[in-house]
Amino acid sequence: MYENTYPNKRFKLTLEFIKKHIDTSETILDLGVDNPFSKIMKEEGFKVKNTTGEDLDKDQSVFRVQETTVVTAFEIFEHLLNPYTILKEIQSDKLFISIPMRLWFSPAYRSKTDPWDRHYHEFEDWQLDWLLEKTGWKIIDRQKWTNPVKQFGFRPILRYFTNRYYIVYAEKAK
């Protein structure tokens, strides 16, 4: 099911990381509309609710309405203007965030066809760590991985050695 291709490798590693820290008795609020990975989590037995497409920069009421033990944000925070506010508003005690890491050899992602599909932030790992610390989260575990592509050129070669994704499991600091 999961071959070493995009997004299958990312899905496999993300699922392994989640299963390492929580079990299927947890209730999850997945930031973003229903997506291929939230479907995978459901197929694996997790109880997952997704946000409905609301602009989380403007409206964080979902965190007060949805009672869940875990929030997941997989490749969401780079699209937000103000992740600080969202991290402060989360009521759940457990949080999983994954981000595409800023690559020194590549500009920030911006779709040429979809005006909403762009990265406002592309974090380095220390920046996400600092943001989590400042908003009251304690990092329990973290992992990075590469995203090789089957193309020829300088950038594709760098993708074999340069970490592209960063995932963090954090809990509310007591």
Side-chain angles (χ1 to χ4, degrees), residues 1-54 56 60 62-80 83-102 109 117 119 121-148 159 162-174:
M1 177 178 180
Y2 298 105
E3 55 192 69
N4 192 20
T5 61
Y6 178 85
N8 293 324
K9 175 184 176 184
R10 179 171 51 95
F11 289 169
K12 176 184 178 291
L13 294 172
T14 302
L15 186 61
E16 288 171 359
F17 190 81
I18 292 170
K19 286 181 170 183
K20 178 178 171 184
H21 296 288
I22 63 171
D23 60 44
T24 56
S25 67
E26 303 277 4
T27 55
I28 298 171
L29 175 62
D30 185 36
L31 303 188
V33 296
D34 197 35
N35 59 75
F37 190 72
S38 61
K39 290 176 184 168
I40 289 170
M41 288 190 294
K42 290 173 188 173
E43 289 168 3
E44 292 290 324
F46 289 100
K47 299 171 203 83
V48 180
K49 298 175 187 173
N50 286 83
T51 54
T52 58
E54 62 272 37
L56 294 173
Q60 298 90 38
V62 69
F63 300 119
R64 293 181 291 282
V65 175
Q66 296 287 345
E67 291 188 24
T68 58
T69 55
V70 180
V71 169
T72 58
F74 302 120
E75 282 87 62
I76 294 294
F77 274 71
E78 65 275 9
H79 299 280
L80 300 171
Y84 180 92
T85 300
I86 292 156
L87 287 167
K88 290 293 282 183
E89 288 293 324
I90 293 173
Q91 304 297 310
S92 304
D93 290 329
K94 299 175 183 178
L95 173 67
F96 290 89
I97 296 178
S98 67
I99 56 164
M101 295 178 67
R102 182 181 172 279
Y109 173 75
D117 188 17
H119 292 180
H121 298 281
E122 285 195 347
F123 297 93
E124 293 183 34
D125 55 353
W126 69 267
Q127 291 170 309
L128 182 62
D129 292 354
W130 189 30
L131 178 62
L132 288 166
E133 178 185 312
K134 286 188 67 82
T135 55
W137 294 93
K138 179 182 177 193
I139 295 173
I140 306 300
D141 194 9
R142 56 175 62 95
Q143 185 177 337
K144 297 178 195 175
W145 59 82
T146 61
N147 185 43
R159 289 183 184 274
T162 305
N163 286 317
R164 177 61 172 146
Y165 291 99
Y166 182 49
I167 191 168
V168 173
Y169 168 59
E171 294 180 355
K172 279 255 173 99
K174 304 286 186 223

Heavy-atom check, side chain of [X] versus side chain of [Y], under 4.5 Å:
| X | Y | answer |
| --- | --- | --- |
| Asp34 | Lys42 | yes |
| Thr69 | Ile22 | no |
| Phe123 | Leu131 | yes |
| Glu44 | Thr24 | no |
| Thr72 | Met41 | yes |

Legend entry - Derivation of the side-chain contact (heavy atoms from CB on, under 4.5 Å) call for Phe46 and Lys19: CA-CA 10 Å; Phe46 289 100; Lys19 286 181 170 183; 4.2 Å; yes
Inset, instruction - Step through the shown structure and confirm whether more than 12 heavy atoms of other residues, nucleotides or ligands are within 6.0 Å of NZ on Lys134. - result: no
Legend entry - Lys138 atom NZ, over 12 foreign heavy atoms within 6.0 Å: no
Exercise: identify the closest heavy-atom pair between [X] and [Y]:
| X | Y | value |
| --- | --- | --- |
| Leu29 | Asn50 | CD1-C, 4.3 Å |
| Val62 | Leu56 | CG1-CD2, 4.0 Å |
| Leu80 | Pro83 | O-CD, 3.9 Å |
| Glu75 | Pro100 | CG-CD, 3.8 Å |
| Phe63 | Ile90 | CE2-CG1, 3.7 Å |

Legend entry - Residues Thr14, Trp145; criterion side-chain contact (heavy atoms from CB on, under 4.5 Å); working and verdict: CA-CA 10 Å; Thr14 302; Trp145 59 82; 3.6 Å; yes
Inset, instruction - Could you check whether the rings of Tyr169 and His21 sit parallel, tilted or perpendicular, using 30° and 60° as the cut-offs? - result: parallel
Are the side chain of [X] and the backbone of [Y] linked by a donor-acceptor contact shorter than 3.5 Å?
| X | Y | result |
| --- | --- | --- |
| Trp137 | Leu87 | yes |
| Thr51 | Gly32 | yes |
| Thr135 | Lys88 | no |
| Asp93 | Glu171 | no |

Inset, instruction - Flag the pair Lys20 and Glu16 as a salt bridge only when some basic side-chain nitrogen lies within less than 4.0 angstrom of an acidic carboxylate oxygen. - result: no
Legend entry - NZ/NE/NH1/NH2 to OD/OE distance under 4.0 Å, Asp125 and Lys144: yes
[atom2] on [Y] to [atom1] on [X], rounded to 0.5 Å:
| X | Y | atom1 | atom2 | answer |
| --- | --- | --- | --- | --- |
| Phe74 | Ile97 | CZ | CD1 | 9.5 Å |
| Glu89 | Tyr84 | CD | OH | 11.0 Å |
| Gln91 | Thr68 | CD | OG1 | 9.5 Å |
| Phe37 | Arg10 | CZ | CZ | 8.5 Å |
| Tyr165 | Thr146 | OH | OG1 | 10.5 Å |
| Ile28 | Lys47 | CD1 | NZ | 9.0 Å |

Inset, instruction - Decide yes or no on side-chain contact (heavy atoms from CB on, under 4.5 Å) for Thr27 and Lys49, but give the supporting numbers first. - result: CA-CA 8 Å; Thr27 55; Lys49 298 175 187 173; over 6 Å; no
Legend entry - Criterion side-chain contact (heavy atoms from CB on, under 4.5 Å) on Asp30 and Phe96, from CA distance to verdict: CA-CA 9 Å; Asp30 185 36; Phe96 290 89; over 6 Å; no
